[in-house]
Asks: 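Quick one: this structure, given as structure tokens, is what I'll be asking you about.
We name chains A, B, ... by the order of the sequence lines, and we start the count at 1 in each one. Any value given below was found using the heavy atoms of this structure, including those in side chains, with hydrogens, waters and symmetry copies removed.
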Protein chains: 2
Amino acid sequence: MERKPPDHITSRVHETVAVVLQVRGSTLQVLLWRRARPPAKGRWALPGGRLDAGETLERSIRRHLAAKVDVRELSHLEQLETHSDPTDGRVTTAYLGLIRSGIDPVVPADTRWHPVANLPATAFDHGAIARAGRERLRAKLSYTNVGFALAPETFTISELRDLYAAALGHEVSATNLQRVLLRRGVLVTTGELRTPGRAGGRPAAVYRFGSDRLEITDQFAALRPPETA
Amino acid sequence: MERKPPDHITSRVHETVAVVLQVRGSTLQVLLWRRARPPAKGRWALPGGRLDAGETLERSIRRHLAAKVDVRELSHLEQLETHSDPTDGRVTTAYLGLIRSGIDPVVPADTRWHPVANLPATAFDHGAIARAGRERLRAKLSYTNVGFALAPETFTISELRDLYAAALGHEVSATNLQRVLLRRGVLVTTGELRTPGRAGGRPAAVYRFGSDRLEITDQFAALRPPETA
DNA sequence: TCAAAAGTGTTCGCGGTACACCCATGA
DNA sequence: TCATGGGTGTACCGCGAACACTTTTGA
């Protein structure tokens with residue numbers, strides 16, 4: 001098949017990268033850093049790096065992320081796909097990381113937030129990986145409580161609607177969002193009210209997510225066991 | 001943290017394994033082989049092995065599987081999770097493979113089918129990986145056309161019901177299964193009829209899946225864009 | 001009193017389930 | 001003609017979408 005490099009054992013490099021997403025302004029953005037050296041010099045890449053010996057994948061990505069953001073600000077982290085590139089012998093395990101809206105983490109000079117919908121020229125296949133991360137988030141917003149990882153501790157329904165709209169990329173009705181999330185028991189009322197802005201309007205109720213760990217809230221309806229079981 | 005082995009670069013071993021599932025009889029079974037040598041001698045393991053240099057992950061798992069079954073009989077293959085074990089420096093990328101019901105592939109002497117619901121003592125965390133594979137299959141049976149990868153080329157609705165029941169682990173109504181899959185356009189009538197057995201009964205219509213590539217047939221209903229877009 | 005923003009009530013429709021009923025065949 | 005298995009007709013129901021309408025505030 002392919003010719004083997006002289007040392008067939010050391011040729012493999014395993015690395016971890018993360019698609020770190022946050023809603024900033026009204027757009028879903030991803031954290032990228034600009035490569036100063038070859039390969040792919042000048043292009044934008046996902047944060048990450050080599051897997052060390054005696055290190056788990058998750059520890060590895062957390063360690064590499066620490067160089068770019070304060071990892072304590074990560075509200076959620078889950079694994080995406082693992083890709084292999086046979087030409088350069090690189091294996092990459094991608095993660096999806098989420099940061100709550102509202103915080104503005106300190107990042108190094110080479111690092112920037114970019115709208116996922118409008119990525120610059122990326123190194124390797126990092127553009128595709130970032131888009132895959134967004135798709136994963138989109139899907140999970142529908143049937144899990146991941147919203148907790150995008151939203152601040154407390155919020156009003158319309159603030160939450162704006163977050164969902166940014167993450168999903170389409171308009172979201174505050175009315176239905178509220179009803180769905182309350183019916184599923186995902187949202188909890190805090191009892192507080194937000195006093196309206198200068199423009200007036202009825203004071204908004206303040207909510208929070210009931211849990212800050214991923215839970216499946218809407219099991220697939222299809223082909224489930226009969227109720228008379 | 002952990003002490004590093006002298007040569008910190010070569011310590012990583014990347015391997016691929018596969019959860020190969022098939023409905024046999026009326027049970028969902030997984031292909032395992034018995035390890036004849038340490039580590040985990042005598043325990044049952046998923047087929048797989050080392051990732052070679054210059055090889056993609058998918059090529060690797062296909063190559064290793066070829067030693068256990070005729071890979072041409074694999075009707076579907078997709079990636080599951082990648083696990084790392086820091087104690088022995090092993091990274092494992094798991095795949096899910098499916099074989100249509102009805103064929104009985106030739107397998108080596110050390111290899112056996114085992115019901116996923118009742119696994120023997122497995123090597124490493126292969127038991128958990130096998131169960132994760134079954135969960136993935138279960139979920140996808142609900143919202144995709146993966147059924148094609150479990151069923152023979154053509155079949156009657158009640159044969160298909162038995163397959164789904166075995167894979168899902170609960171009773172399935174032939175009536176509703178037929179309606180759901182026809183409504184989604186997943187099943188196609190061949191026009192043929194199956195002549196009834198000795199017990200009589202109306203002849204059953206013969207169906208096949210319209211596609212033998214994975215397709216999402218039932219997008220999540222929740223939080224989709226407004227129709228007036 | 002008016003505009004703005006939040007929240008509720010009500011209707012609709014889709015898709016999946018449940019179940020009664022009809023159809024075609026072998027013995 | 002009866003048992004057996006296959007298939008259809010119909011009613012129901014949960015859930016999300018749409019939208020009109022009410023509530024509460026600031027100016």
Asks: Name all residues meeting the side-chain contact (heavy atoms from CB on, under 4.5 Å) criterion together with A:R136; count only those two or more places apart in sequence or in a different chain, and write none if there are none.
Replies: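 So A:R136 forms a side-chain contact (heavy atoms from CB on, under 4.5 Å) with A:E78, A:L80, A:L96, A:K140.
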Asks: Quick one: A:N176 CG to C:dT10 P, roughly how many Å, whole number?
Replies: 16 Å
Asks: Using atom CD of A:Q178 as one end and atom C1' of D:dC15 as the other, report the distance to the nearest whole Å.
Replies: 16 Å
Asks: To the nearest angstrom, how far is A:D162 atom CG from C:dA6 atom C1'?
Replies: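 Interatomic distance, CG of A:D162 to C1' of C:dA6: 13 Å.
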Asks: Please name all residues satisfying salt bridge (Lys or Arg N to Asp or Glu O under 4.0 Å) with B:R62, sequence neighbours left out, ordered by chain then number.
Replies: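 By the salt bridge (Lys or Arg N to Asp or Glu O under 4.0 Å) rule, B:R62 matches B:E58.
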Asks: Describe the nucleic acid contact of B:A205 in one word from base, sugar-phosphate, nothing, applying a heavy-atom distance below 4.0 Å.
Replies: sugar-phosphate
Asks: Please report the distance, rounded to the nearest Å, between CG in B:L182 and P in C:dG16.
Replies: 12 Å
Asks: Would you kindly give the CG-to-P distance between B:L177 and C:dA18, to the nearest whole Å?
Replies: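 Whole-Å distance recorded here is 13 Å.
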Asks: Of the nucleotides D:dG6, D:dG16, D:dT8, which one has an atom closest to the side chain of A:R183?
Replies: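 The answer is D:dG16.
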Asks: What pairs with A:A149 under side-chain contact (heavy atoms from CB on, under 4.5 Å), at least two apart in sequence or on another chain?
Replies: A:S75, A:H76, A:L98
Asks: With the side chain of B:R179 defined as its heavy atoms from C-beta on, choose the nearest nucleotide among D:dC19, C:dT17, C:dA18.
Replies: C:dA18
Asks: With sequence neighbours left out, write down each residue that passes side-chain contact (heavy atoms from CB on, under 4.5 Å) with B:T27, or none if nothing qualifies.
Replies: B:Q29, B:P115
Asks: Without decimals, in angstroms, what is the distance between A:H170 NE2 and D:dA18 P?
Replies: 10 Å
Asks: Are there any protein N/O atoms within less than 3.5 Å of an N/O atom in nucleotides 23-25 of chain C, and if so, which ones and at what distance?
Replies:
{"unit_1": "C:dC23", "atom_1": "O4'", "unit_2": "B:R202", "atom_2": "NH1", "d": "3.4"}
{"unit_1": "C:dA24", "atom_1": "N3", "unit_2": "B:R202", "atom_2": "N", "d": "3.2"}
{"unit_1": "C:dT25", "atom_1": "O2", "unit_2": "B:G201", "atom_2": "N", "d": "2.8"}

Asks: Tabulate below the donor-acceptor pairs under 3.5 Å that side-chain atoms of residues 192-207 of chain B make, not counting sequence neighbours, or state none.
Replies:
{"unit_1": "B:R194", "atom_1": "NH1", "unit_2": "B:E159", "atom_2": "OE2", "d": "2.8"}
{"unit_1": "B:Y207", "atom_1": "OH", "unit_2": "B:Q178", "atom_2": "NE2", "d": "3.0"}

Asks: To the nearest Å, how far apart are A:L187 CG and C:dG7 C1'?
Replies: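 It is 14 Å, rounded to the nearest whole Å.
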Asks: Can you sort out the partners of B:R138 under side-chain hydrogen bond (donor to acceptor under 3.5 Å, both in side chains), two or more places apart, ordered by chain and number?
Replies: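 Partners of B:R138 under the side-chain hydrogen bond (donor to acceptor under 3.5 Å, both in side chains) test: B:E135.
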Asks: Given 3.5 Å as the limit, does a donor-acceptor pair link the side chain of B:N145 with the main chain of B:E215, or not?
Replies: yes
Asks: For A:S84, which residues count as a side-chain contact (heavy atoms from CB on, under 4.5 Å) partner, sequence neighbours excluded?
Replies: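 Only A:V91, B:T56, B:L57 meet the side-chain contact (heavy atoms from CB on, under 4.5 Å) criterion with A:S84.
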Asks: May I ask you to list the residues of residues 148-159 of chain A, by number, that have any heavy atom positioned under 4.0 Å from an atom of DNA chain C?
Replies: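 Only A:I157, A:S158 qualify.
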Asks: Over how many whole Å does the gap from A:R184 atom CZ to D:dC15 atom P extend?
Replies: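 So the two atoms are 10 Å apart, to the nearest Å.
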Asks: So that I can tick it off, tell me whether B:K68 and B:D110 are bridged by a salt bridge, with the cut-off set at under 4.0 angstrom between side-chain N and carboxylate O.
Replies: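 B:K68 and B:D110: salt-bridged.
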